[in-house]
Q: 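One structure follows; several queries about it will come next.
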Amino acid sequence: MSASTHGHHAVLKHHFDNLEQQHSAERLGMWFFLVTEVLFFSGMFVAYTVYRHWFPAEFQFASSHLILWIAGVNTALLITSSLTITLAIRSAQLGQRAALIRWLLLTFALGAGFMGFKALEYATDVHEKLVPGRMFQEEYASAVAELAPVDPAAAGTFQFKGGQQHWAQDLARRNNHLVPGSDGYVSPERVQIFLCFYWIMTGIHGIHIIAGLGCILWLVQQAYAGKIPKENYSTVEVVSLYWHLVDMIWLFLMPLLYLAGAGLHASGH
Amino acid sequence: MSIVVADTPRTAPPPPEPVAPARNYLNETSGFWSWLLTVDHKRIGILYLVSITLFFVVGGIAAGLVRTNLLTPNGAILTEDQYNKAFTAHGVVMLFLFLIPSIPAVFGNFLVPIMIGAKDLAFPKLNLASWYVFMIGAAFMVWGLLSGGIDTGWTLYPPYSSRYSHASVTPGVFGVFITGFSSIMTGLNIMVTVHKMRAPGMTWGRLPLFIWAMYATSFIQLLGTPVVAITLVLLMVERVAGVGIFDPAIGGDPVLYQHLFWFYSHPAVYIMIVPGMGVVSEVLTCFSRKNIFGYKAVAWSSVGIAVVGFLVWAHHMFVAGISYYSALLFSFLTMLVAVPSAIKVFNWVATLYRGSITFQAPMMYTLAFLVLFTVGGVTGLFLATMGTDIHLHDTYFVVAHFHFVMVGGMVLAYLAGIHFWWPKMTGRMYSDFWSRTSATVIFVGFFLTFVPQFILGYHGMPRRYPNYPEEFQVYNVLSTAGASILGVGYLMPAVYLTLSLFFGPKAQANPWSATGLEWQVPSPPTVFNFEYLPVTVCGPYEYAIGVDQLGRGLPEPPGSGDDNPAAKVGPTLLPGPLPKETEVVG
Ligand code: HEM
Ligand SMILES: [Cu+2]
């Protein structure tokens, strides 16, 4: 009895009357924070929707050149990590410290895996110069220049320098001998708008994942130091709320960015 | 609100003056780090108070430059480029570094826990972090202003801000982005605190209206600020990377920026007024010794403003090429949002009616607020009407409109709050004469500054232009003269309030004989605010029956003695010991 009172004492902060109040304040605070997060991303989702509506062909084209398998693997990793962090709450609630640490580390590993694949994906994109701005424009211009002297009939089978077969070549072929604005023309400018969304949205999401990983490491450290006793399990719960939200945002990003061009994927990667 | 009249005798003896304890939040600990690492909501409020006062001075200097330059038709002192930077500096500093944090961060921090009977805000460390985040954001903005300035206007519209401006836009925008998070942190903290930390008996129906106002404001901060944050990220990416989603060169739409910007920034103008409305409700009831007229209407209209305020943003874009139909809709919704503001004004006036009004400084500022805010709100309706807005958009009429609401409204409410709660925050009283004089000077200076701007705008003088035709000069000179008086008016409180810290008489716990819980603790309060658990037994404004929220009798209100001629204005002044007996209305 006295031991548990002591436990309460260490956990309860001075300005709260009781643990009940403290935990519900923490939870409510996190929920309010999630609301701001949703609104933070909502600005981008609104803008995405507007442009997708205006430029469907370009969005479809650009989307088909993203790396779908990485997105698929990453989706699986994040969904699994949502499960493991939930199991971590359960362990915390039961006071099983070893299991808590195990589940947290597993969650961390899954999240880190996500970032690893993300890094691979970014590296590939940069390598292929799938980056809006100067890089994009030069790559496209050189593909167009290579294709310009080729006979239109042979353009379909034309072998680009070094066997290159990426977005720039694909786009140059599509637009070969088409007047900008005519039917079937895929505007390279607007493809860049999609790419802006792709980089900014996944980038900001990635920053959120990294923040979440930091929080999970902190939880591990706290658990290790014995600072997450049973009655304080809500600390894990609060972090998990954030983690779930970041997962959920990914579940929206993934189809919007990677599946928008699903119909075209055959000709892409 | 149920008033427990039966068991609170009307002539309850005033509570014994609590002996001012030797230790309070100001002297409990001392030294530089005891302030910079404090998690006490009161000290954090003071940190904000000091910082934003500094920024007010900076913004004021920029305003002085702008007004001085406008003395002559071709610019008296600045080049055109400098002029752009001066008015942008003025707008950015005043809005993001002064007005948005003003009442929420100073009084919200200081008062919300005390008013609801809590020991602190729900997340004290987050609270301290918010101040640091604010200062870091401010540092970036100051960096932007010093390293070349920002010349885009506070609205930062692309493609000028992203593509063409050679000024130091990026650090400035980054600073605004960062200060936004401090605003979110404060709002989140206050919302959770109001939900979870109310003392026993402090039901929603007994919350002081200041708390309702702060709650509504926090709601706006929480929902609006993230949207402008992401918008500014998109803008920065575009400026730094040279390509982005608002860039017309690649098919992007700069008007989309305006939508996203105003989706926050219109609600943000309510961040800049609703807290002021909360202060006004507190002061007005206290100095007319009456219950608020229509508590529920005033409380819910704050929430109404917060909600409807999110549906009107495109009234800033009537001439930006939006469709007629959406303009029509937004025009209608904008008129709708004036309704809750009007409800408040009518209720305040009804509260004054037959009250025992006395004219101490907080009340003088509040009455000035009432007049000026009403003018500002009504001229907003001229702008909400599409036909007139096409003529008035981007003219000095708009400038005058928003200065009436923001300066005449919020800044005066802020000053009212400073004068009302100064004794509580510092434990000192300030000069009665000088404070009333400053309120008068500010009121006069304000009118002289901004009424000519309505005329200028009506005659078509565009805002943000350094040059104007000769025939406008007389109004511009009048306006600059008014601004000088206004400047003097603002300097006066700076002087007498500072002097009061050293020479002012010690304040009593409840110098205004007010009812709120914050007046039932010593001035200045102790670190944990309450030495006991405060149990609230009645509504916040039981002036008529003379009891505070703990159900105890109130001390004699100041200025009710025979020596104060102002007290005689009230029609219900009775001889003898019952000066508080006014009629209960509402
Ligand atoms: C009573 C209800 C109000 C109505 C109907 C209203 C209406 C309007 C309208 C239609 C405009 C756009 C004018 C234009 O650019 O052509 C405007 C501008 C503005 N209003 Fe109000 N307003 C109201 C209250 C307020 C309040 C309370 C504040 C701030 C505390 C405020 C601050 C501003 C500002 C800062 C601008 C100019 C923004 C800029 O372009 O820089 N307004 N108002
Ligand atoms: Cu507006």
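Everything quoted here is computed from the prediction, not taken from an experiment. Proteins come first, then strands; the chains are lettered A, B, ... in the order of their sequence lines, and each starts at number 1. Below, each value reflects all heavy atoms present in this structure, side chains not excepted, and no hydrogens, waters or symmetry copies.
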Q: Tell me if the NE2 atom of A:His177 is crowded by more than 12 foreign heavy atoms within 6.0 Å.
A: yes
Q: Scan A:Phe40, A:Phe41, A:Phe45 and name whichever one has a side-chain contact (heavy atoms from CB on, under 4.5 Å) with B:Ile230.
A: A:Phe40
Q: Is the B:Phe528 to A:His15 ring centre distance short of 6.0 Å?
A: no
Q: For each of B:Pro124, B:Ala229, B:Gly244, tally heavy-atom pairs with chain A at distances under 4.5 Å, and name the one with the top tally.
A: B:Pro124
Q: Counting only N and O atoms by type, is there a donor-acceptor contact under 3.5 Å from the side chain of A:Tyr51 to the main-chain atoms of B:Gly251?
A: no
Q: Checking B:Ala118 against chain A: side chain, backbone, both or neither under 4.5 Å from a heavy atom?
A: neither
Q: Please test B:Val192 against A:Glu26 for side-chain contact (heavy atoms from CB on, under 4.5 Å), starting from the C-alpha separation and ending with a verdict.
A: CA-CA 8 Å; B:Val192 174; A:Glu26 283 166 1; over 6 Å; no
Q: Between B:Leu260 and chain A, which part of the residue has a heavy atom less than 4.5 Å away: side chain, backbone, both or neither?
A: side chain
Q: Closest heavy-atom contact between B:Gly252 and A:Ile193?
A: N-CD1, 3.5 Å
Q: Distance from A:Phe136 atom CZ to B:Ile250 atom CD1, nearest 0.5 Å?
A: 9.0 Å
Q: Can you tell me if OH on A:Tyr185 sees more than 12 non-hydrogen neighbours from other groups inside 6.0 Å?
A: yes
Q: Kindly check if the number of other-residue, nucleotide or ligand heavy atoms within 6.0 Å of CH2 (B:Trp204) is above 12?
A: yes
Q: Which atoms form the tightest heavy-atom contact between A:Cys196 and B:Ile245, and what is the distance?
A: CB-CG2, 3.7 Å
Q: Give a yes or no on this: more than 12 heavy atoms of other residues, nucleotides or ligands lie within 6.0 Å of atom CZ of A:Phe252.
A: no
Q: Could you measure the distance from the CH2 atom of A:Trp54 to the CG atom of B:Leu256? Nearest 0.5 Å is fine.
A: 6.5 Å
Q: Tell me, for B:Ile184 versus chain A, whether the close heavy atoms (under 4.5 Å) come from the side chain, the backbone, both or neither.
A: side chain
Q: Between A:Val50 and B:Asp253, does a side-chain contact (heavy atoms from CB on, under 4.5 Å) hold up when you go through it step by step?
A: CA-CA 10 Å; A:Val50 170; B:Asp253 184 2; 5.9 Å; no
Q: Which atoms of A:Ser24 come close to chain B, meaning under 4.5 Å heavy atom to heavy atom: side chain ones, backbone ones, both, or neither?
A: both
Q: Run the numbers on A:Val35 and B:Leu223 for side-chain contact (heavy atoms from CB on, under 4.5 Å), then give the verdict.
A: CA-CA 7 Å; A:Val35 170; B:Leu223 295 187; 3.3 Å; yes
Q: Would you give the length of the straight line joining atom CG of A:Leu28 to atom OG1 of B:Thr193, rounded to the nearest 0.5 angstrom?
A: 9.5 Å
Q: Examine whether an atom of B:Val228 lies under 4.5 Å from a heavy atom of chain A, and if so say whether it belongs to the side chain, the backbone or both; otherwise answer neither.
A: neither
Q: Working to the nearest 0.5 angstrom, can you tell me the gap between A:Phe33 CZ and B:Leu222 CG?
A: 10.0 Å
Q: Pick one of side chain, backbone, both or neither for A:Leu195, based on which atoms fall under 4.5 Å of a heavy atom in chain B.
A: neither
Q: Using heavy-atom distances under 4.5 Å, tell me whether A:Ile200 contacts chain B through its side chain, its backbone, both, or neither.
A: side chain
Q: Roughly how far apart are A:Phe16 CZ and B:Met197 CE, rounded to 0.5 Å?
A: 4.5 Å
Q: Can you say whether B:Asn529 sits under 4.5 Å from chain A via the side chain, the backbone, both, or neither, judging by heavy atoms?
A: neither
Q: Supply the atom-to-atom distance A:His14 NE2 to B:Asp120 CG, rounded to the nearest 0.5 angstrom.
A: 5.5 Å
Q: Among A:Gln22, A:Met44, A:Gln192, which residue has the highest count of heavy-atom pairs closer than 4.5 Å to chain B?
A: A:Met44
Q: Measure distances from B:Val237 to the heavy atoms of chain A and classify the residue's part below 4.5 Å as side chain, backbone, both or neither.
A: side chain
Q: Given that the side chain runs from C-beta out, which part of B:Leu126 has a heavy atom under 4.5 Å from chain A: side chain, backbone, both or neither?
A: neither
Q: Nearest heavy-atom pair of A:Gly29 and B:Leu188: which atoms, and what distance?
A: O-CD1, 3.6 Å
Q: For B:Ala241, is it the side chain, the backbone, both, or neither that has a heavy atom closer than 4.5 Å to a heavy atom of chain A?
A: neither
Q: Give, as side chain, backbone, both or neither, the part of A:Phe32 having an atom under 4.5 angstrom from any heavy atom of chain B.
A: both
Q: Kindly say whether B:Lys196 contributes a backbone atom to a donor-acceptor pair with the side chain of A:Gln21 at under 3.5 angstrom?
A: yes
Q: More than 12 heavy atoms of other residues, nucleotides or ligands under 6.0 Å from CG of A:Asp183: yes or no?
A: no
Q: Using every non-hydrogen atom in the two residues, find where A:Ala25 and B:Ala122 come nearest and quote the distance to one decimal.
A: CB-CB, 4.5 Å
